[in-house]
Number of protein chains: 2
Amino acid sequence: MLDRFQSPGYMTNWAARLFARAIDRRLKSAGISSGQLPVFFALGQGEALTQKALTHAAAIEQPTMAATLSRMERDGLICRRPDPADGRSALISLTPAGLEKVEVVRTAIASVNAAAISGLSPEEQTAYLAAIQTIVTALAKIPDEP
Amino acid sequence: MLDRFQSPGYMTNWAARLFARAIDRRLKSAGISSGQLPVFFALGQGEALTQKALTHAAAIEQPTMAATLSRMERDGLICRRPDPADGRSALISLTPAGLEKVEVVRTAIASVNAAAISGLSPEEQTAYLAAIQTIVTALAKIPDEP
DNA sequence: GCTAGCTATATAGCATACTATGTTTCGAGA
DNA sequence: TCTCGAAACATAGTATGCTATATAGCTAGC
């Protein structure tokens, strides 16, 4: 019988949910949620990027990013201006209100990450990051059929 | 500037999405999706459990399990019968059609897990599981505020 | 310079996850 | 026994993620 604690897939999913929950609870009062983090990181220096570039930076699918950006626009965190170089695109950047929250976001991420790995030695922390990078690479490559 | 590849939270979320996507693609033809895996594991030997027990086994919140069970009932994978010991509960078990799929589910999980960790040495695989268990434990303990 | 195909984004529909809250039943103590 | 709080489940609302598909603009080749 398979033990869920020994299943990399199950444990990774569990850890990811706990990470997201910790971030959401910390940033709820700021009106920010976990799915928005990649956008804050990509635009945190005042950059203006297309939706495609943001989608690539977050490693999610395009409709997911479109929905996240819609919510962030609704909440006044980002604004879009037409891309002069391409009529299909808009250049997306944080609003002043969004930029004001970058530090809070960074602090929350650092705090949650630090708490998460606090039980690991420095060597174990490095090994964990290396292992999960290897896993991501492997999973990105496998075909749909066994 | 923070590098997303060095953020345990980001990488864990990414890996979890890739795990789920790999499972969903393999099991789509069987009419099964990743959120149902814990139910299959808990009931795969013909057990009959309450929703509360399933919620605990999957480590998710109660309304999430309720929705998953609704979909599985709709799809003919599980059935509920009144719990003789408690009028508030039902005992949930896999239908014959659900039990028939247990092997397919097990195979898919084993295949995805094996592919995911194929780039790690046996020692690294063990270390990864130990590390992520430590991380889950740490994240389950942290309070909402830093 | 026209068209045919490609690219960027939008939209629809669904699954999985959360919080907050309502409803029903159980159980313990007055 | 009766009530009141707790427990089990249901429901509502929202966010994040996916696939599939539509639409609009760009671009290469003729």
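Each chain gets a letter, A, B and so on, in the order the sequences are listed, and its residues count up from 1.
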Nucleic acid contacts of residues 67-75 of chain A, taken as heavy-atom distances under 4.0 Å to DNA chain C: none

Could you identify which residues of residues 93-105 of chain B place a heavy atom less than 4.0 Å from some atom of DNA chain C, listed by residue number, or say none? none

Ignoring the backbone of [X], work out which of [options] is nearest its side chain.
X	options	result
A:Q51	D:dT19, C:dA10, D:dT16	C:dA10
B:K52	D:dA8, D:dA10, C:dT19	D:dA8
B:K28	D:dA20, C:dC18, D:dT16	D:dA20

Contact list for DNA chain D against residues 11-18 of chain A - heavy-atom distance below 4.0 Å: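 Those residues whose heavy atoms fall under 4.0 Å from DNA chain D, taken from residues 11-18 of chain A, amount to none.
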
For DNA chain D, which residues of residues 81-92 of chain B approach it to below 4.0 angstrom with any heavy atom? B:R88, B:S89, B:A90

Which atoms of nucleotides 21-23 of chain C (N or O only) lie under 3.5 Å from a protein N or O atom, and what are those distances?
none

Donor-acceptor contacts, no H, no angles, side chain residues 59-67 of chain B, under 3.5 Å, sequence neighbours left out:
from	atom 1	to	atom 2	distance (Å)
B:E61	OE2	A:R21	NH1	2.8
B:Q62	NE2	B:Q51	OE1	3.3

Specify the separation, in whole Å, of atom [atom1] of [X] and atom [atom2] of [N].
X	N	atom1	atom2	answer
A:R25	D:dT14	CZ	P	20 Å
B:M65	D:dA10	CE	C1'	15 Å
A:I32	D:dT16	CD1	P	11 Å
B:L54	D:dA10	CG	P	12 Å
A:D24	C:dC18	CG	P	10 Å
B:I23	D:dG17	CD1	C1'	16 Å
B:L27	C:dA15	CG	C1'	14 Å

Any residue meeting side chain to side chain contact (heavy atoms under 4.5 Å, CB included) with [X], in chain and number order, not counting sequence neighbours:
X	answer
A:E100	none
B:E103	B:R106, B:T107
B:A127	none

Pair up each side-chain donor or acceptor in residues 87-97 of chain B with any protein partner under 3.5 Å, not counting sequence neighbours, and list the distances.
from	atom 1	to	atom 2	distance (Å)
B:R88	NE	B:D86	OD1	3.1
B:R88	NH2	B:D86	OD2	2.9
B:T95	OG1	B:G76	O	2.7
B:T95	OG1	B:L77	O	3.2
B:T95	OG1	B:A97	N	3.4
B:T95	OG1	B:G98	N	3.0

Test: side chain to side chain donor-acceptor pair (under 3.5 Å). Region: residues 127-140 of chain A. Which pairs qualify, not counting sequence neighbours? A:Y128-B:T12

So which one's nearest nucleotide on DNA chain C is more toward 5', B:G35 or A:A53?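 By nearest-heavy-atom nucleotide position, the 5'-most residue is A:A53.
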
Flag the pair B:Q36 / B:S33 as yes when at least one side-chain heavy-atom distance between them is below 4.5 Å, and no otherwise.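 Touching, per the 4.5 Å side-chain cut-off.
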
Specify the angle, to 10°, made by the local axes at the two ends of the helix from C:dG1-D:dC30 to C:dA30-D:dT1 when five pairs are taken at each end.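 Between the axes fitted at each end of the helix from C:dG1-D:dC30 to C:dA30-D:dT1 lies an angle of 0°.
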
